[in-house]
Structures are given as structure tokens and as C-alpha cells.
Amino acid sequence: MSLTWSAKDHKNTNPPPAATGIKRPRNDNGNKVTVVLGAQWGDEGKGKVVDLLATEADMVCRCQGGNNAGHTVVVDGKEYDFHLLPSGIINSKSISLIGNGVVIHLPGLFEEGDKNDKKGLKGWDKRLIVSDRAHLVFDFHQVVDGLQETERQAQEGKNIGTTKKGIGPAYSSKASRTGLRVCDLLGDFKDFSTRFKNLVRQYQSMYPSLTVDTEDQLRKLKEYAERLRPMVRDGVYYMYEALHGPPKKILVEGANAALLDIDFGTYPFVTSSNCTVGGACTGLGIPPANIGDVFGVAKAYTTRVGIGAFPTEQLNASGELLQTRGHEIGVTTGRKRRCGWLDLVIVRYAQMINSFTAIALTKLDILDVLDEIKVGVAYKLNGKRIPHFPANMDVLHKVEVEYETFPGWKTDTSAARKWNDLPAKAQNYIRFIENHIGVPIKWVGVGKSRECMIQMF
Ligand code: GDP
Ligand code: IMO
Ligand code: MG
């Protein structure tokens, strides 16, 4: 249905050139991977879009982030929330892969798996593969995340509003080359213990109030190691084989979103990984030539959790209506999401970086009751339109948003299943968005469940 795939893309079954010295034919790069990415500040409905595509995928992979993500999937009236597990884990016929770019908190992973097992998601651990190169998030990383937030608040008067899942500290350990990976945990435990203790000491020298029961932590980690061991593979080789073996439909589920990207997002109010398309390559060992369709997910309005500039935010009745009607509450932290009008400046910016093949526009149904709907189409500084998305947050705080206003359709769209079921005013809204971004809208979401998705082509 929607994972575009054609047999001509899958001719190669040759081993890597180094093994035989035989060059693979040109333009024969193996299977193409479909990538799903958030085009705003997260919580666009990626989980739902991945679930839809995952029904026919052979593999669903996470490439970055950790359990800061919260992806909701609603199937047959049952609601699942995934944090570290790829949303495709629901599909009992597909393999889920956690790639090297992900940071894994093992207690979080097993807690999530066990919780879903109780909900009826049997056998998840049999179909989960974990890269040996993935970095570990330790409990003390999470404590340090909290300490850093307190410090930011004290020093700068504001924090980032992180999820306190230890994401920033774990990626910092990775970048400073003191981090520990899955392969270290499964290797010589004595060596792992020494490096773990050194890492603890390093953080304690920065945060003297940090107390860690090292022996207790190591004991628990040793237990987790044995539970994890059967799932662990060399992630690069596993992906290489998946790309170059028999035809396979491979899906990558982005976590977080473009405006939270460490390089391209609203820095420093961002997460610590690349949530744009490059993250799929670096976080899974996928060569750029194997990237096929890149689907961007955008809500029909905008939300943001945590601190940071939000030019189209509505601190008024419209914002409150979006928040309550859209049940805009964070899946990971339970915080209320800030709400505002759809900002097409940010979606176009996400498009510049990701070159989306098509967009999934979610939560159109939430707009059903509005008299009028606004869309941010440009930013102005000192009365003049600016062509770019500002890097500097002081500048972003100063922009004035230029809006287009649309009449509301005031009709319940939740039962719509095809384009013609939508009221003309809603169609007009969708077509305007499509033209403005310059990317086709392939799906329109009108409800939480799997079937509440209109496929346009
Ligand atoms: P993600 O992090 O991008 O996967 O998104 P979240 O799961 O954090 O938040 C999206 C929320 O919107 C979830 O509660 C979804 O069930 C819900 N959702 C997704 N698509 C639609 C839609 O088209 N309409 C409605 N009403 N809810 C939706
Ligand atoms: P999904 O995948 C929404 C935000 C946090 C905070 C900032 C940094 O569900 O869309 P972190 O804990 O990553 O250091 O927090 O990033 N954030 C998200 N907001 N959805 C997410 O993920 C997010 N992941 C991180 O709220 O502002
Ligand atoms: Mg979410």
C-alpha cells in the first residue's frame, strides 16, 4: 500500500566487494529504506504513521534518541505507548531493531517490554534486535539530567525542560569518549566495572552531591546483560545483510523531531541527537544511497513540550482549545503541551533539511470545531520578511508571524476515510499547506486509531 518498493531495487545479493574483490554493479545499492521523521517539535503522530506502514514492513528500526520519545499507537481500541521499542514491535511478523545511534536505559527498556507484555504484546523480546554499538544510559545519567536542569535554572533563570531520561548526559559521555556501550557490557565484566566506576567518579567530580551505589548498580547491570544478550547483534553487519539480502521492506522510525535536532533545532532548547534524515544513516549504518522515501509527519497545528521559542504559540482560548481537544499531554512526562497555529515556516525548514517525499498531516479532526483557523506562512523582522529560519534564539523570539486565515469547516471529520468525505473547506486547508511546503500530502489523520487515516495517493 504505502511502503514504496519495487523489485528492480533489490537485485543485489553479492557479498561486500572486499570479500571477493568483485565490484558490485553500479546503481545496485540493495534495498531502499523508508524513513518517518517528525517535522515540528515532536509528538506529531509518528507512532501512528509508523504503525500504519509497519503492517507490511519486515523490519522497523530506531536510529536515535532514547526513552525521551513517547510514541502512541492505537490498535483495536488498545492504546500502546512506546519509548525505546520501535512502534513496529506490534507487528508480530516484523523484526524491530534498536540501532547504534540510540541511547538505551536498560531498566527502562525491560520495564517497557514487560508493561506491554501484560497488555498482550507477547514475544516482543524474541523479535527485538539491539546493536552492540548502542550506548547505555545509566541511572546516574538520569540523576545528572535533573541536576543539570536545576543548575540551568539557578544560573540562567530557565532550564530546557528535558524529559530527565538522561539523554543529554548519555550523549555527552558518548561524545567525550567515556561512554559505555552494549558491547562493553557484554564483554569482560571486570573491565566494564572499572570503566563504569571511572565514569561515576568523573560525574561525581562535576556534581559532588551525586551519590551512586556502584556495587548495587553493577549487580543489576550484570542481570540486565544476561537478559539482553540474546538480542544483541553486530548492528552494522545485521543492517548490511538486511539491505543486500533478499528483498525486504525496512522502515526507520525517527524519534523527537527536526526542531529538536541538536544541529538544526532551536538550540539550546533541543535534544542531543540528530532527529533529521542524517540520523537514519549514522544511527543504523545505512548508506545515503539506500535511503528511499522520507515521510515527514506534521500536525495540522503546532505543539511543543518544554521551554524555548514558539512563534505561533497561542496563549489564549484558541491554544487552550487545541490543548484540550487534542489531549495534548506529553506521553513521556505527562506535561501539558504548549499549543499554537500551524507554523509552515518550520515545516518548510524541516523540508529543506530532510527533502520529504511526502507529508502525513495528522490531527486534522482537532480543528473541526473552530470558526477560523490560522496558518503561519512567514516570519518578519523589523517589518521585513526573512527567507530563512533564524539560528539565534533571541532573533526567533523577536520574529513577527505573518498569518493566512481560513474559515473553519465546522463539521465532524472523524469518520472521513477518503478525500471526498472531507468538507471543501478542509480540502482547501490541506491543499494550501501542500502548495506552501511544496511537498505532496499523502495521508491525513482524522483520529487516533489505525483506520483513521485518509490515504490520498
Ligand atoms: P509521536 O511522538 O510523534 O509518535 O506522537 P505522540 O504519540 O506523542 O502524540 C500524538 C498523539 O496524537 C497521540 O495521542 C496519538 O494517538 C494522537 N493522534 C495521532 N494522529 C491523530 C489524528 O489524526 N487525530 C487525533 N485525534 N489524534 C491523533
Ligand atoms: P517524540 O519522539 C516532544 C523535548 C523535551 C525538551 C527537549 C530536550 O515523542 O516526538 P531531552 O529529554 O531529549 O533532553 O529533552 O526535547 N523532547 C520532546 N518533545 N516529543 C519528543 O519525542 C521529545 N523528545 C525530547 O521536552 O524540551
Ligand atoms: Mg511523542
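As the structure is a prediction and not an experimental result, all values here were calculated from the model. Count residues from 1 along the sequence.
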Does a side-chain heavy-atom distance below 4.5 Å link [X] with [Y]?
X	Y	value
Arg127	Ser92	yes
Ile346	Thr302	yes
Val75	Val73	yes
Tyr238	Ile95	yes
Ile433	Val347	no
Val377	Val345	no
Val252	Leu284	yes

Looking at [Y] and [X], is there a salt bridge between them, counting it only when a charged N and a carboxylate O are closer than 4.0 Å?
X	Y	answer
Arg133	Asp234	yes
Arg195	Asp184	yes
Lys197	Glu215	yes
Asp394	Lys398	no

Candidates Leu85, Asp51, Asn116, Ile89 - the one meeting side-chain contact (heavy atoms from CB on, under 4.5 Å) with Tyr80: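 In the set Leu85, Asp51, Asn116, Ile89, the residue that makes a side-chain contact (heavy atoms from CB on, under 4.5 Å) with Tyr80 is Asn116.
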
Heavy-atom count around [X] [atom1] within 6.0 Å, excluding the residue itself: above 12?
X	atom1	result
Tyr207	OH	yes
Gln153	CD	yes
Lys119	NZ	yes
Lys122	NZ	yes
Asn392	CG	yes

Residue pair Val401, Asp343: steps toward the side chain to side chain contact (heavy atoms under 4.5 Å, CB included) verdict: CA-CA 9 Å; Val401 183; Asp343 183 343; 5.7 Å; no

Any donor and acceptor pair, going by atom type alone, linking the side chain of [X] with main-chain N or O of [Y] inside 3.5 Å?
X	Y	answer
Glu112	His83	yes
Gln351	Ile437	no
Thr276	Ile353	no
Thr266	Leu259	yes
Asp76	Lys78	no
Thr72	Asp81	no
Arg348	His388	no
Gln142	Lys165	yes
Trp443	Ile454	no
Arg304	Arg338	no

Quick check: closest heavy atoms across [X] and [Y], and the distance to 0.1 Å?
X	Y	answer
Cys339	Thr303	SG-CG2, 3.9 Å
Val137	Gly166	CG1-O, 4.0 Å
Val277	Asn354	N-OD1, 2.8 Å
Phe457	Ala358	CZ-CB, 4.2 Å

Geometric class of the Phe140/Tyr203 ring pair [parallel <30°, tilted 30-60°, perpendicular >60°]: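 Ring orientation of Tyr203 relative to Phe140: tilted.
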
Please state whether the rings of Phe310 and Trp41 are parallel, tilted or perpendicular, taking 30° and 60° as the class boundaries.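 Phe310 vs Trp41 ring planes: tilted.
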
Quickly, which of Lys48, Arg62, Glu253 forms a side chain to side chain donor-acceptor pair (under 3.5 Å) with Ser87? Name it, please.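 Among Lys48, Arg62, Glu253, the one meeting side chain to side chain donor-acceptor pair (under 3.5 Å) with Ser87 is Glu253.
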
Looking only at the side chains, is there a donor atom on one of [X] and [Y] sitting less than 3.5 Å from an acceptor on the other?
X	Y	value
Asn198	Arg201	yes
Asn290	Tyr240	no
Asn68	Thr271	yes
Asp139	Gln217	yes

Quick one: do Lys299 and Glu328 satisfy salt bridge (charged side-chain N to carboxylate O under 4.0 Å, His left out)? Show the steps, please. CA-CA 12 Å; Lys299 254 181 227 187; Glu328 294 297 350; 2.8 Å; yes

Please round to the nearest 0.5 Å and tell me the distance separating atom [atom1] of [X] and atom [atom2] of [Y].
X	Y	atom1	atom2	result
Asp261	Ser273	CG	OG	7.0 Å
Ser173	Gln202	OG	CD	6.5 Å
Cys63	Met239	SG	CE	9.5 Å
Asn274	Cys281	CG	SG	10.5 Å
Leu221	Phe138	CG	CZ	5.5 Å
Cys275	Ile262	SG	CD1	9.0 Å

Run the side chain to side chain contact (heavy atoms under 4.5 Å, CB included) test on Leu109 and Leu128 for me, step by step, so that the C-alpha distance in whole Å, both residues' side-chain angles and the decisive distance to 0.1 Å come before the verdict. CA-CA 11 Å; Leu109 176 69; Leu128 179 69; 4.3 Å; yes

side-chain hydrogen bond (donor to acceptor under 3.5 Å, both in side chains), that's the test. Do Asn256 and Gln64 meet it? Break it down for me. CA-CA 9 Å; Asn256 329 123; Gln64 42 71 229; 3.3 Å; yes

Apply the test side chain to side chain contact (heavy atoms under 4.5 Å, CB included) to residues Val270 and Tyr267: give CA-CA distance (whole Å), side-chain angles for both, the deciding distance (0.1 Å), then the verdict. CA-CA 5 Å; Val270 293; Tyr267 193 89; 3.7 Å; yes

Stepwise, does the salt bridge (charged side-chain N to carboxylate O under 4.0 Å, His left out) test hold for Arg219 with Glu223? CA-CA 7 Å; Arg219 185 184 52 76; Glu223 281 174 23; 3.5 Å; yes

Step-by-step salt bridge (charged side-chain N to carboxylate O under 4.0 Å, His left out) determination, Arg337 to Asp43: CA-CA 9 Å; Arg337 296 173 182 148; Asp43 306 324; 3.0 Å; yes

Do Lys158 and Glu149 pass the salt bridge (charged side-chain N to carboxylate O under 4.0 Å, His left out) test, and can you show the C-alpha distance, the side-chain angles, and the key distance before you say yes or no? CA-CA 8 Å; Lys158 55 177 181 279; Glu149 284 284 80; over 6 Å; no

So that I know where these two stand, are Phe295 and Phe356 an aromatic pair - ring centroids less than 6.0 Å apart?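 Aromatic pair excluded; centres sit 6.0 Å or further apart.
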
